[in-house]
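When a residue number appears, it is its place in the shown sequence, counting from 1. Just so you know, these numbers use all the heavy atoms, side chains as well, and skip hydrogens, waters and symmetry mates.
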Amino acid sequence: DMQNIIISGNLISDARLFNDQSGKEYMSFRVAVNDIRKGEKNTTYYDVTASKTGVMDYLKKGQGVIVSGKLTIEAIDKDGKSFVNINVFARDLELYGQQRANA
């Protein structure tokens, strides 16, 4: 079940390009979102996928972004450990201090 979400955070590495099976270009990047409550800082990491846009060259480590899109959560059991992948397919992408770009 997919939900709409808006996240705001910073890239933890440069965005990368990839092609789907039909050859369409996408970009992917991981965003760290910090949540500070009662003096404790928690960080959640989101894997973001978006259609390739003109902002690709600006999506470098440390860049601030606001992403809105569809959220999917995938639970994985591997080697006796449980992991959760949090994925967002971006509909809209905004860079801090930059113009809005449609994803």
Side-chain angles (χ1 to χ4, degrees):
D1 188 29
M2 293 197 293
Q3 302 173 31
N4 290 312
I5 189 172
I6 297 174
I7 61 169
S8 174
N10 296 83
L11 272 70
I12 65 166
S13 60
D14 294 356
R16 62 181 183 83
L17 282 179
F18 70 95
N19 291 37
D20 69 7
Q21 290 139 339
S22 70
K24 183 169 171 150
E25 277 192 315
Y26 291 91
M27 52 190 189
S28 68
F29 50 93
R30 183 169 277 190
V31 176
V33 176
N34 294 318
D35 181 22
I36 300 171
R37 289 184 200 177
K38 298 181 182 171
E40 274 191 42
K41 178 176 142 183
N42 292 302
T43 304
T44 304
Y45 297 94
Y46 295 84
D47 289 316
V48 179
T49 302
S51 296
K52 182 179 183 276
T53 70
V55 300
M56 174 76 190
D57 292 343
Y58 299 99
L59 295 173
K60 303 293 184 193
K61 182 177 180 177
Q63 173 67 52
V65 293
I66 299 169
V67 176
S68 64
K70 293 285 187 184
L71 172 74
T72 57
I73 298 174
E74 174 184 25
I76 298 169
D77 289 314
K78 184 176 178 183
D79 301 328
K81 295 180 182 176
S82 294
F83 300 92
V84 175
N85 276 0
I86 305 172
N87 304 294
V88 178
F89 189 84
R91 270 195 331 275
D92 197 52
L93 176 63
E94 187 174 341
L95 308 184
Y96 294 170
Q98 300 286 337
Q99 294 297 313
R100 180 177 291 272
N102 291 321

Sidechain-backbone polar pair: Asp79 side chain, Lys81 backbone, donor-acceptor under 3.5 Å: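 Here the side-chain-to-backbone pair does not exist.
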Is there a donor-acceptor pair closer than 3.5 Å between any side-chain N or O of Asn10 and the backbone N or O of Gly62? yes
In terms of hydrophobic clustering (I, L, V, M, F, W, Y; side-chain heavy atoms under 4.5 Å; direct or indirect links), are Val31 and Ile73 co-clustered?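 Same cluster: Val31 reaches Ile73 through Ile, Leu, Val, Met, Phe, Trp or Tyr contacts under 4.5 Å.
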Give, for atom [atom1] of [X] and atom [atom2] of [Y], the distance between the pair rounded to the nearest 0.5 Å.
| X | Y | atom1 | atom2 | answer |
| --- | --- | --- | --- | --- |
| Tyr58 | Leu95 | OH | CG | 8.5 Å |
| Asn34 | Lys41 | CG | NZ | 4.5 Å |
| Lys60 | Phe29 | NZ | CZ | 12.5 Å |
| Ile12 | Thr43 | CD1 | OG1 | 10.0 Å |
| Phe83 | Ile76 | CZ | CD1 | 8.0 Å |

Side chains of [X] and [Y]: closer than 4.5 Å at any heavy-atom pair?
| X | Y | answer |
| --- | --- | --- |
| Glu74 | Val84 | no |
| Asn87 | Lys70 | no |
| Ile5 | Val88 | yes |
| Ser51 | Glu25 | no |
| Met27 | Leu93 | yes |

Specify the closest pair of heavy atoms between Phe18 and Ser28, including all atoms of both residues, with the distance to one decimal.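 Looks like CE2-CB, 3.8 Å.
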Checking side chain to side chain contact (heavy atoms under 4.5 Å, CB included) between Glu94 and each of Ile6, Val65, Val55, Ile66, which is the one that passes? Ile66
Over 60° means perpendicular and under 30° means parallel, so tell me whether Tyr26 and Phe89 are parallel, tilted or perpendicular. perpendicular
Does Arg91 form a side chain to side chain contact (heavy atoms under 4.5 Å, CB included) with Val67? I'd like the steps, not just the answer. CA-CA 8 Å; Arg91 270 195 331 275; Val67 176; over 6 Å; no
Test: Asp35 and Arg37 ion pair at under 4.0 Å: yes
Can a salt bridge be assigned to the pair Asp47 and Arg30 using a cut-off of 4.0 Å between side-chain N and carboxylate O?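 The answer is yes: the pair qualifies as a salt bridge.
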Audit row: Leu71, Ile86, side chain to side chain contact (heavy atoms under 4.5 Å, CB included) steps and yes/no: CA-CA 7 Å; Leu71 172 74; Ile86 305 172; 3.4 Å; yes
